[in-house]
Participant: 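What follows is a single structure, and I will ask about it in a moment.
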Amino acid sequence: MLDVKFIRQNPDLVRDAVKKKGMDGEVDIDRILELDGRRRSILSEVEKEKYRRNTVSEKIGEMKKRGEEPVGLLEEMKAVSSHIKELDEEVARIEEELQELLLWVPNPPHPSVPVGPDETGNVEVRRWGTPREFAFEPKAHWDIGSNLGILDFERATKIAGSRFTVFWGVGARLVRALISFMIDLHVKEQGYTEVLPPFMVNEKAMIGTAQLPKFAEDAFRLAGDGFYLVPTAEVPVTNLHREEILDGSELPLYYVAYTPCFRSEAGSHGKDTRGLIRQHQFDKVELVKFVLPETSFEELERLTEDAAEVLRRLDLPYRVIEMCTGDMGFAQAKKYDIEVWMPSYGRYVEISSCSNFGDFQARRANIRFRRTARSRPEYVHTLNGSGLAVGRTVAAILENCQEADGSVTVPRELRPYLGGLKRIEGRSEKDPATAEFDEKPQKPGRRPPVSK
RNA sequence: GGAGGGGUGGCUGAGUGGUCGAAAGCAGCCGCCUGCUAAGCGGUUGAGGGGACUAAAUCUCCUCCGCGGGUUCGAAUCCCGCCCCCUCCGCCA
């Protein structure tokens, strides 16, 4: 959300931002300015009346104490009070409409962001790794996973519906391994603090990070009590500090959180219908930062690299795309997508999205900080990025690391998280005699007796 | 789900109709003082908004004692609804 004051002082900049973000006709800046003007003029009137009420009421108190009768004053004040009430209601109506309109004004893109209408305006900024040349016809991950017995789309449809997956055996463990691997990297090597938040949030939290009101149809809302299933850990984690004034010396704060993510995927019928790419439920490890305003763009570069490091460790080729104004989203000031090479698509596919929101979310969620004990509160800047989407990472590993015989080589850095397993050859890992391990798993010995 | 208790400033906590944005203590900040540390002394310290001002500083006004309504000339204080927390009982992984 933008400050009305900012809009009042920079109306053309804001109109330009609306245009660049492709929201022409969706936002009425003139109406906002009009409401703002009316609000301020009524406010000065009602405040004069309140001043009068306060001073006269005080006088009435003194008179009564002295035993005098406040002749006529009570009647007069009654009229003043009801006038105040009318004006207050008018102000409240205006503010409600104003607030509603402000929630729909997009965050202006940073000047460095390329201007463009849609994804055709995005700019590739770098590539890492080389897509592998296959000596055989590579399969899509849904075929690899189904053949190995580790992905089961049919049963997922039976128990839930389309766009769900059941992971079996080593497949399930692979998901768990990736989550741990990613979190460990971000915590131990990059200085993030692990958080495990609620997977359901209230409406205020959804508004705070700008999923609402604009993207209501993308979210799952529970019928009974109005909770929302988290569409990303960004929502609960950014809202951790809602309505707080942080100590400036604590900044920057780096958090990493695993959550499942729930998305209705309304409006994406027919897109990515096969496999793990577009699901109603998927796992994601998310990076969230709260930083000083002057550092946020530099922090975005580091955040993006922190996420990309996961792909480098897994030896998966990727590229980084800078999103143009028309494709970057409503709340972002600048955004990079990281795309991983996906052989079945024959192109790079988004696996992470890293954004700087500036003070846009902070203002909505009222997250502030004080530079020193005596300075005025300022809004922090918030950032977040996937580090990474786990389902898509599974897909990328299956496809990029597949072998001619249908097995999958486990990326070296991930093996410790799979008990040293080198190759996925089936659903089961219970047969150490045939499975390949970096170290053979130990036979379970007798349990030591329980000491008393 | 049932019964009871409670939500006041960064924290603890007083305040049951007017002089309360709010005692006191703690913490913080500024200064003084003490060889260092600790202690002591004095002062100071909430947030949001409107206006004056080119802006900062400053001044001034309004609002805010969980949230929303109501009563009243006047509400932290009285009434109603909601939310949250705590204790006990029930249920439950």
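Below, all heavy atoms of this structure are taken into account, side chains as well, without hydrogens, waters or symmetry copies.
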Participant: Measure the distance from NZ on A:K85 to P on B:G69 and round it to the nearest whole Å.
Facilitator: 10 Å

Participant: Please give the distance between the C1' atoms of B:A47 and B:G43 as a whole number of Å.
Facilitator: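 It comes out at 23 Å once rounded to the nearest Å.
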
Participant: Mind calculating the distance between CD (A:E378) and P (B:A47) to the nearest angstrom?
Facilitator: 13 Å

Participant: Excluding sequence neighbours, so at least two apart, what forms side chain to side chain contact (heavy atoms under 4.5 Å, CB included) with A:E47?
Facilitator: A:L43

Participant: Looking at every strand, decide which applies to A:R8 at a 4.0 Å heavy-atom threshold: base, sugar-phosphate, or nothing.
Facilitator: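 Sugar-phosphate contact only - A:R8 comes under 4.0 Å of backbone atoms but never of a base.
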
Participant: Is A:S81 close enough to B:G74 that one of its side-chain N or O atoms is under 4.0 Å from OP1 or OP2 there?
Facilitator: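 Yes, within the criterion.
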
Participant: Salt bridge or not between A:R31 and A:E97? Use side-chain N to carboxylate O under 4.0 Å.
Facilitator: yes

Participant: Closest nucleotide of RNA chain B for A:I245 versus for A:D36: which of these residues is on the 5' side?
Facilitator: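 Nearer the 5' end of the strand: A:I245.
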
Participant: Does any N or O donor sit under 3.5 Å from an N or O acceptor when you compare the side chain of A:E47 with the base of B:G51?
Facilitator: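 In this structure, the two groups form no donor-acceptor pair.
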
Participant: Find the distance A:E62:CD to B:G74:C1' and express it as a whole number of Å.
Facilitator: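 For the pair A:E62 CD and B:G74 C1', the rounded distance is 13 Å.
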
Participant: Measure from the side-chain heavy atoms of A:Y51 and tell me the nearest of B:C61, B:G50, B:G74.
Facilitator: B:C61

Participant: Where the side chain of A:R40 is concerned, which of B:G50, B:G18, B:U19 is the nearest nucleotide?
Facilitator: B:G50

Participant: Return the nearest nucleotide to the side chain of A:R376; candidates are B:U63, B:G49, B:G48.
Facilitator: B:G48

Participant: Quick one: stems for RNA chain B, with Watson-Crick or G-U pairs under 3.5 Å, at least three in a row?
Facilitator: B:1-7 with B:83-89, B:10-12 with B:24-26, B:27-32 with B:40-45, B:46-52 with B:58-64, B:66-70 with B:78-82

Participant: I want to know whether A:F290 and A:Y255 have ring centres closer than 6.0 Å.
Facilitator: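 Between A:Y255 and A:F290, which both carry aromatic rings, the centre distance is below 6.0 Å.
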
Participant: Heavy atoms only, 4.0 Å cut-off, all strands: where does A:K64 land among base, sugar-phosphate and nothing?
Facilitator: base

Participant: On RNA chain B, check which nucleotide each of A:N54 and A:I60 is closest to and give me the residue with the more 5' one.
Facilitator: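 Of the two residues, A:N54 wins.
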
Participant: Expressed as a whole number of angstroms, how long is the span from A:N366:CG to B:G49:C1'?
Facilitator: 13 Å

Participant: Using the P atom in both, what is the distance from B:G28 to B:G10, to the nearest Å?
Facilitator: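 After rounding to an integer number of Å, I get 16 Å for this pair.
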
Participant: Nearest to the side chain of A:R368, heavy atoms from C-beta on, is which of B:C73, B:A47, B:U19?
Facilitator: B:A47

Participant: Answer with yes or no whether the side chains of A:Q361 and A:E234 bring together a donor and an acceptor at under 3.5 Å.
Facilitator: yes

Participant: Say we look at B:G4 and B:C92: how far apart would their C1' atoms be, to the nearest angstrom?
Facilitator: 23 Å

Participant: Do A:R263 and A:D218 meet the salt-bridge criterion of a basic N to acidic O distance under 4.0 Å?
Facilitator: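 Looking at A:D218 and A:R263, the cut-off is not met.
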
Participant: In whole Å, what separates the C1' atom of B:A3 from that of B:U72?
Facilitator: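 Taking atom C1' in both B:A3 and B:U72, they lie 34 Å apart.
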
Participant: Looking at A:K64, A:K65, A:R66, which hits side chain to side chain contact (heavy atoms under 4.5 Å, CB included) with A:E62?
Facilitator: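 Testing A:E62 for a side chain to side chain contact (heavy atoms under 4.5 Å, CB included) against A:K64, A:K65, A:R66 leaves exactly one candidate, A:R66.
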
Participant: Which pair of non-hydrogen atoms, one from A:Y258 and one from A:F199, has the smallest distance, and what is that distance?
Facilitator: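 Nearest heavy atoms, A:Y258 then A:F199: O-CE2, 4.0 Å.
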
Participant: If I pick the C1' atom on B:G21 and the same atom on B:U45, what distance separates them, to the nearest angstrom?
Facilitator: 13 Å

Participant: To the nearest Å, give me how far apart NZ (A:K65) and P (B:G74) are.
Facilitator: 18 Å

Participant: Do the side chains of A:E49 and A:R52 get close enough for a salt bridge, i.e. N-O under 4.0 angstrom?
Facilitator: yes

Participant: Regarding A:L43, tell me which of base, sugar-phosphate or nothing describes its non-hydrogen contacts under 4.0 Å with the strands shown.
Facilitator: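 The residue A:L43 makes sugar-phosphate contact but no base contact.
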
Participant: If we take the C1' atom in both B:G66 and B:C53, what is their distance in whole Å?
Facilitator: 38 Å

Participant: For the pair made of CZ in A:R53 and C1' in B:C61, what is the distance, rounded to whole Å?
Facilitator: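 Answer to the nearest Å: 14 Å.
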
Participant: I need the CD1-C1' distance between A:I367 and B:G48, as an integer number of Å.
Facilitator: 17 Å

Participant: Under 4.0 Å, heavy atoms only, any strand: does A:R370 hit a base, just the sugar-phosphate, or nothing?
Facilitator: sugar-phosphate

Participant: Work out how far the P atom of B:A75 is from that of B:U19, and round it to whole angstrom.
Facilitator: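 My reading of the P atoms in B:A75 and B:U19 gives 10 Å.
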
Participant: From C-beta outward on A:P377, which listed nucleotide comes closest to its side chain: B:U63, B:G18, B:A47?
Facilitator: B:A47

Participant: Taking CD1 from A:I42 and P from B:G49, how many angstroms apart are they, rounded to a whole number?
Facilitator: 19 Å

Participant: Using the C1' atom in both, what is the distance from B:A23 to B:U12, to the nearest Å?
Facilitator: 13 Å

Participant: Checking side chain to side chain contact (heavy atoms under 4.5 Å, CB included) against A:L2, which of A:N10, A:N107, A:L102, A:I32 comes through?
Facilitator: A:N107

Participant: To the nearest 0.5 angstrom, please state how far the CD1 atom of A:I84 sits from the CD atom of A:E89.
Facilitator: 12.0 Å

Participant: Counting the atoms with a prime plus P, OP1 and OP2 as sugar-phosphate, which does A:K5 contact under 4.0 Å by heavy atoms, base, sugar-phosphate, or nothing?
Facilitator: sugar-phosphate

Participant: Taking the side chain of A:S57 as heavy atoms from C-beta outward, which of B:G74, B:G50, B:U63 is closest to it?
Facilitator: B:G74

